[in-house]
Amino acid sequence: MQKEHTITFESIDSYAELSEMEKTLFDKAMASRKTAYAPYSDFTVGCAILLENGEIITGSNQENAAYPSGLCAERTTIFYTGANFPDLKIKKLFVIGAPRNASTSIPIPPCGACRQAILEYEAKQKEEIEIYFASLGGAIYKTKSIRELLPFSFDASYL
């Protein structure tokens, strides 16, 4: 028997359509791309997380010649948040990525490892995290939960 699974996401046409808070997260994620260490891929990614107390935490991807020792922007930011603000819930996560000297309008989603890390924090806090992903221009995609991007997820309930 074949079954079908669909995901739900919102497509926001442009930066101008974002709320003020979403624009702030976009701007901070975009700015954090400048701190990316990406000498091998030249693909820079920035991430901004909104905590329940209103604080915004940012991070960027950090590569290493000994692949896969580097870390994506999403995991850099979420792990820093977990280590320094363990009791605060993450409300929103905004990620922007693109090649350093190229522009693209295709929204860049979190990779599989980042999706799994976000899932862990969503399960830990027992509350969904809104995920926004974008490129340097064009549409921005928004999901209400990482489970939309990771429908057959693996979490602690299987252990």
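We use all heavy atoms of the structure for the numbers below, so side chains are in, but hydrogens, waters and symmetry mates are not.
Atoms NZ and CD, on K92 and E22 in that order, are 5.5 Å from each other to the nearest 0.5 Å. Atom CD1 in I118 sits 9.5 Å away from atom CG in L150 (nearest 0.5 Å). Between L71 atom CG and T77 atom OG1 the span is 9.0 Å, to the nearest 0.5 Å. Atoms CG and NZ, from L93 and K142 in turn, are 13.5 Å apart once rounded to the nearest 0.5 Å. Taking CZ from F94 and OG1 from T58, the interatomic distance works out to 14.0 Å, rounded to the nearest 0.5 Å. Rounding to the nearest 0.5 Å places CD1 of I140 at 7.0 Å from OG of S14.
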Could you tabulate the donor-acceptor pairs under 3.5 Å formed by side-chain atoms of residues 24-31, not counting sequence neighbours?
from, atom 1, to, atom 2, distance (Å)
T24, OG1, E20, O, 3.1
D27, OD1, Y15, OH, 2.9
D27, OD2, Y15, OH, 2.9

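Heavy-atom neighbours of E120 CD from other residues, nucleotides or ligands within 6.0 Å: at or below the threshold of 12.
A donor-acceptor pair under 3.5 Å is formed between the side chain of E52 and the backbone N or O of K89. With hydrogens and angles ignored, the 3.5 Å screen pairs no side-chain donor or acceptor of E74 with any backbone N or O of C114. Judged by distance alone, with hydrogens and angles left aside, the side-chain atoms of K124 form a donor-acceptor pair with the main-chain N or O of P86 at under 3.5 Å. Judged by distance alone, with hydrogens and angles left aside, the side-chain atoms of Q125 form a donor-acceptor pair with the main-chain N or O of I90 at under 3.5 Å. A distance-only check finds a donor-acceptor pair linking the side chain of S32 to the backbone of G59 [under 3.5 Å].
Grouping the Ile, Leu, Val, Met, Phe, Trp and Tyr side chains by contacts below 4.5 angstrom, directly or via other members, places I96 apart from F43. Y121 and Y132 are assigned to two separate hydrophobic clusters, defined by single-linkage of ILVMFWY side chains at heavy-atom distances under 4.5 Å. Tracing side-chain contacts under 4.5 Å through hydrophobic residues (I, L, V, M, F, W, Y), one never reaches Y141 starting from I106; they form parts of separate clusters. In the hydrophobic clustering of this structure, F9 does not group with I12; members are Ile, Leu, Val, Met, Phe, Trp, Tyr whose side-chain heavy atoms approach within less than 4.5 Å, directly or through other members. Linking ILVMFWY side-chain heavy atoms closer than 4.5 Å, directly or via other members, places F79 and L88 in a single hydrophobic cluster.
Closest approach of G97 to I108, counting heavy atoms only: O-CG1, 3.0 Å. The minimum heavy-atom distance linking N53 with E55 is given by the pair OD1-N, 2.9 Å. In this structure, L159 and F154 approach most closely via the heavy-atom pair CD2-CZ, 3.7 Å. Nearest heavy-atom pair, A73 versus C47, reported as atom, atom and distance to 0.1 Å: O-CB, 3.7 Å. Annotation for I56 and A48: closest pair CG2-CB, 4.1 Å, computed over non-hydrogen atoms. For R100 against A38, the heavy-atom pair with the smallest separation is NH2-O, 3.5 Å.
Side-chain contact check for D155 and S153: no donor-acceptor pair (N or O, by modelled atom type) lies under 3.5 Å. Side-chain contact annotation: Q62 with T76, donor-acceptor N/O pair under 3.5 Å absent.
Annotation: side chain of I146 is not in contact with side chain of I129 (no heavy-atom distance under 4.5 Å). The shortest distance between side-chain heavy atoms of R33 and L136 falls below 4.5 Å. Side-chain atoms of F133 and L149, non-hydrogen and from C-beta on, do get closer than 4.5 Å to each other. The shortest distance between side-chain heavy atoms of E130 and K91 does not fall below 4.5 Å. Side-chain contact between I131 and R115 is absent, with no heavy atoms from C-beta onward closer than 4.5 Å.
Taking 4.0 Å as the cut-off between side-chain N and carboxylate O, K144 and E10 do not count as a salt-bridged pair.
When hydrophobic residues (I, L, V, M, F, W, Y) are linked wherever their side-chain heavy atoms come within less than 4.5 Å, M1 remains an isolated member.
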